[in-house]
Amino acid sequence: MSSYKNGTICVQGGYTPGNGEPRQIPIIQSTTFKYATSEEMGKLFDLEASGYFYSRLQNPTCDTVAAKICELEGGTAAMLTSSGQAASFFSIFNIASAGDHIVSSSTIYGGTYNLFAVTMKKMGIEFTFIDPDCSKEELDAAFKPNTKAVFGETIANPALTVLDIEKFANAAHSHGVPLIVDNTFATPVNCRPFEWGADIVTHSTTKYMDGHASAVGGCIVDSGNFDWTRYPKKFPGLCTPDDSYHGVTYTERFGIAGAYITKATVQLMRDLGCVQSPQSAYLLNLGLESLHVRMQRHCENGLAVAKALEADDRVAWVNYPGLESNKYYALAKKYMPSGSCGVVSFGVKGGRKAAEAFMKGLKIAAIETHVADARTCCLHPASSTHRQMNDAELKEAGVYPDLVRFSCGIEDAEDLIADIKQALDNI
Ligand SMILES: *Cc1c(COP(=O)(O)O)cnc(C)c1O
């Protein structure tokens, strides 16, 4: 399937039914799977044979949908997780433990920032947050001998900074570590980070991939390009025997292309159990079937709304990577030539108070802790998702106190613009 274009993969990837088999992917709603002998089951537990035995580790419906996302990203292996947060956590915890260090872009999703700066810090993993627009020298200076990965978002939520993937990949590789990219906002329809040197991609499938606000979920995809065996001391979890599997060494048994996802599945998923339910995976797949069509409309609406806001003198500033006036226009054109995303951020003249009054007046756009949905929604991050941050941290994360995050759905752009105009009239 991988020789097909992304639109074809969105519709048909991951699943090819045989004669008389269901056209739609079956929901295998079963916690467990049957075997005839204990010997056969024992082989599964020793990772000597592959097969399903318990849905906390793997489920066929989830694997079918993971295979589609894997094809979309051009990877070698993928797994679904219960949420985007679980995907971000697993992506790093799979290769880092207490005493290790990670370099991360400072403009990342608020939930990810909390996970890294507070929760994972408690687990003994230290993060250095760096401005994604930093120079090569500043980036190099952030690395330490115990650095295990670099992390960033293709388009940051909600700062809408665009990651210079090549710059970050080159820095990561010159220090012998992988680049992990959260590709939630761009989706593989608009950007495939592996083509620019990223090694691991994560997703909150809750956003555009699902696209209908119906199921929380996440995904991790491995490019299969990072050679862990070149740095066995740095990545002992992948390159030395795992005692919990009678001494299996993941890179030896599953190869460079399969080691990372296999370890995350059989070890982290086994122990932490952040599985996506087969029902949710089914809903996710329904969303994926129209992802390429929806993304085009999200981007058209995003650009139309951004242009209308830019032309309105009641608006203080507009941030959308697709605007020619935008700082990231050139980077967005390079990495996302067919469009970036449907999320536009802006400030209403009059600051925080005016932003709140404006949002109250909207009729089509609803106030929601959500983005990237077919229905337009908006949020004031400083008083919600990012409210744990002080003003200095907010600034560093690219979230201004007056910032309204406006997620354009797939309605008609004319109606969205008219809604914004009437809400501005009523401030
Ligand atoms: C929402 C989001 C997450 C977290 O995903 P959940 O599915 O809500 O756990 C991670 N990264 C980005 C960019 C997001 O927008």
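Note that the structure is a prediction, hence the values are computed from the model and not measured. In listed order, ligands and their atoms are each counted from 1. These numbers come from the heavy atoms of this one structure, side chains and all, not from hydrogens, waters or symmetry mates.
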* To do: Please list, chain by chain and in numerical order, all residues satisfying side-chain hydrogen bond (donor to acceptor under 3.5 Å, both in side chains) with Glu153, sequence neighbours excluded.
  =>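 So Glu153 forms no side-chain hydrogen bond (donor to acceptor under 3.5 Å, both in side chains) with any residue.
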* For His298, which residues count as a ring pair (Phe, Tyr, Trp, His ring centres under 6.0 Å) partner, sequence neighbours excluded? ->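 Checked His298 against ring pair (Phe, Tyr, Trp, His ring centres under 6.0 Å); matches are Tyr208.
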* Pairing residues for Tyr109 by the ring pair (Phe, Tyr, Trp, His ring centres under 6.0 Å) criterion, not counting sequence neighbours ->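 Scan of Tyr109 (ring pair (Phe, Tyr, Trp, His ring centres under 6.0 Å), adjacent residues dropped) gives none.
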Ring-ring centroid check [X] [Y], cutoff 6.0 Å:
X      : Y      : answer
Phe151 : Phe116 : yes
Phe358 : Phe346 : yes
Phe406 : Tyr320 : no

Check ligand 1 for close polar pairs with the protein: N or O on both sides, less than 3.5 Å.
residue: ligand 1; atom: 5 (O); partner: Ser204; partner atom: OG; Å: 3.0
residue: ligand 1; atom: 7 (O); partner: Gly84; partner atom: N; Å: 2.9
residue: ligand 1; atom: 7 (O); partner: Ser204; partner atom: OG; Å: 2.8
residue: ligand 1; atom: 7 (O); partner: Thr206; partner atom: OG1; Å: 2.6
residue: ligand 1; atom: 9 (O); partner: Gly84; partner atom: N; Å: 3.1
residue: ligand 1; atom: 9 (O); partner: Gln85; partner atom: N; Å: 2.9
residue: ligand 1; atom: 11 (N); partner: Asp182; partner atom: OD2; Å: 2.6
residue: ligand 1; atom: 15 (O); partner: Asn157; partner atom: ND2; Å: 2.8
residue: ligand 1; atom: 15 (O); partner: Lys207; partner atom: NZ; Å: 2.7

